[in-house]
Amino acid sequence: MLRATPLLILLGLALPLTPAFAQEDEDAPLTEAEGWRSNLTGQLAFSQAAYSNWQEGGLDALSFTAGTTGIFERLVGRFKQTHSARLAFGVIKQDTLNFRKSSDVIRYAFELQYTGTGVFQPTFATDIRTQFAAGFDFDPDPAQYPVLDSLGFFVPGERLKVSDFFAPALWTQSVGITYDPGRWYTARLGFATKETIVLIERLRPVYGNELDESVRIEAGLEFLAEAQRELFSNVFLQSRLGLFQAFNQVGDEAPDLTFENLLTLKVNDWLNTNLEFVALYDRDTIDEIQLKEVLSIGVAITLL
């Protein structure tokens, strides 16, 4: 007798230290007397699936993801400083395979705006992005890593390490003008420098650096647009588009692109669904657009 015992558990836990959205006082203009205005959200998510004699097929799976997103703003005189950060890490295990990384990001950004010039505000900004742990290509193609293959780092049939903490780290600094109408969106244009930092020597060619070049510096123009808005009732969108065009690549290469989007659907005070979509393009790394999509469901608890 055919016996099927599927087990599927999908459970998430989110721990917002302060509510991420829908705070009425966030719509009010930031004042010096208010001090720090903070918004910090944390999330934990867990999913598991197991099958036994399941005729329709399926893979046992176990995954875990943790993350936090925060923004902190303060006005001192005419100067507005903004700190924002995002941390996320997740692992997944399928069938007999060992745990593999499914999500990994460390990002911090700082902006200092002079607000005494209306909606067009002189701005200094810096942004850095890297990851916590090593990442691997489990089915590497030698044609995709010709330098590593020529140096003997490529072993057919074995996984290939392609990233680690500060390998790479992308760090930019810019001076320019921010268009800030005091609504749900801003845009910034400025002169910038970008450093591609790769601390592990053998990984440097993967990100366009020479083997003896731990830091590759480029100068160019940077554009950044950010939006945070409630699209519909209990449906919130956070979007961030960044472009960097190096002066020495004008006419030869498209600008580097980072396009991050997070759509949050609040089912109720306990249940949230998050859909994250990220697109990256940097021809110094790969001549293709890199895409990531993560869908997570969880129970949310608002503490403050």
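We're numbering straight along the sequence, starting at 1. Note that the coordinates shown come from a computational prediction; the quantities given were computed from them, not determined experimentally. As a basis for the values below, the full set of heavy atoms in this structure was taken, side chains included, without hydrogen atoms, waters or symmetry mates.
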Is it the case that R100 places NZ or CZ above or below the six-membered ring of F138, under 6.0 angstrom from the centre and within 45 degrees of the axis? yes
Thinking salt bridges, do [X] and [Y] make one under a 4.0 Å N-O criterion?
{"X": "E195", "Y": "R216", "value": "no"}
{"X": "R188", "Y": "E226", "value": "no"}
{"X": "R204", "Y": "D212", "value": "no"}
{"X": "D127", "Y": "K194", "value": "no"}
{"X": "R129", "Y": "E260", "value": "yes"}
{"X": "K161", "Y": "D137", "value": "no"}

Does any part of the side chain of [Y], heavy atoms only, come nearer than 4.5 Å to the side chain of [X], both counted from C-beta?
{"X": "I106", "Y": "F165", "value": "yes"}
{"X": "T196", "Y": "L170", "value": "yes"}
{"X": "T264", "Y": "L262", "value": "yes"}
{"X": "V278", "Y": "L291", "value": "no"}
{"X": "D284", "Y": "Q249", "value": "yes"}
{"X": "E111", "Y": "T126", "value": "no"}
{"X": "I92", "Y": "F99", "value": "no"}
{"X": "D256", "Y": "Q245", "value": "no"}

Under 3.5 Å, side chain of [X] to main-chain N/O of [Y], donor-acceptor pair present?
{"X": "T65", "Y": "G90", "answer": "no"}
{"X": "Q131", "Y": "P168", "answer": "yes"}
{"X": "S239", "Y": "L237", "answer": "no"}
{"X": "T123", "Y": "I177", "answer": "no"}
{"X": "T285", "Y": "Y207", "answer": "no"}

Report the distance from atom [atom1] of [X] to atom [atom2] of [Y], rounding to the nearest 0.5 Å.
{"X": "I197", "Y": "S214", "atom1": "CD1", "atom2": "OG", "value": "8.0 Å"}
{"X": "T130", "Y": "F132", "atom1": "OG1", "atom2": "CZ", "value": "9.5 Å"}
{"X": "W184", "Y": "R229", "atom1": "CH2", "atom2": "CZ", "value": "5.5 Å"}
{"X": "F244", "Y": "D282", "atom1": "CZ", "atom2": "CG", "value": "9.5 Å"}
{"X": "L87", "Y": "T69", "atom1": "CG", "atom2": "OG1", "value": "8.0 Å"}
{"X": "E230", "Y": "K266", "atom1": "CD", "atom2": "NZ", "value": "9.5 Å"}

Check whether [X] and [Y] end up in the same hydrophobic cluster, where Ile, Leu, Val, Met, Phe, Trp and Tyr are linked by side-chain heavy atoms less than 4.5 Å apart.
{"X": "L211", "Y": "L160", "answer": "yes"}
{"X": "F259", "Y": "L263", "answer": "no"}
{"X": "V175", "Y": "L221", "answer": "no"}
{"X": "L243", "Y": "L189", "answer": "yes"}
{"X": "V105", "Y": "W171", "answer": "no"}

For residues [X] and [Y], report the shortest heavy-atom separation together with the two atoms involved.
{"X": "F79", "Y": "T115", "value": "N-OG1, 4.5 Å"}
{"X": "Q113", "Y": "D180", "value": "NE2-OD2, 3.7 Å"}
{"X": "L30", "Y": "L75", "value": "O-CD2, 3.5 Å"}
{"X": "A187", "Y": "F223", "value": "CB-CE1, 4.2 Å"}
{"X": "L224", "Y": "G242", "value": "CD1-CA, 3.9 Å"}
{"X": "S163", "Y": "K101", "value": "OG-NZ, 4.0 Å"}

Worked check of ring-ring contact (aromatic ring centres under 6.0 Å, His included) between H83 and F110: CA-CA 5 Å; H83 302 264; F110 169 76; 4.9 Å; yes
Within 6.0 Å of [atom1] in [X], more than 12 heavy atoms from elsewhere:
{"X": "D287", "atom1": "CG", "value": "yes"}
{"X": "Y185", "atom1": "OH", "value": "yes"}
{"X": "N248", "atom1": "CG", "value": "yes"}
{"X": "E213", "atom1": "CD", "value": "yes"}
{"X": "F232", "atom1": "CZ", "value": "no"}

Hey, mind stepping through E276 and R86 against salt bridge (Lys or Arg N to Asp or Glu O under 4.0 Å) and telling me if it holds? CA-CA 13 Å; E276 180 186 9; R86 180 165 186 265; 3.1 Å; yes
Derivation and outcome, side chain to side chain contact (heavy atoms under 4.5 Å, CB included), residues F72 and T82: CA-CA 6 Å; F72 307 87; T82 303; over 6 Å; no
Can you check side chain to side chain contact (heavy atoms under 4.5 Å, CB included) on F136 and E158, steps first, answer last? CA-CA 10 Å; F136 296 88; E158 293 188 5; over 6 Å; no
Relative to each other, are the rings of Y179 and F120 parallel, tilted or perpendicular (30° and 60° limits)? tilted
Go through the steps for Q81 and V76 under the test side chain to side chain contact (heavy atoms under 4.5 Å, CB included), then give the verdict. CA-CA 8 Å; Q81 55 177 304; V76 179; 4.2 Å; yes
Taking it one step at a time, do F166 and I200 satisfy side chain to side chain contact (heavy atoms under 4.5 Å, CB included)? CA-CA 8 Å; F166 265 72; I200 299 177; over 6 Å; no
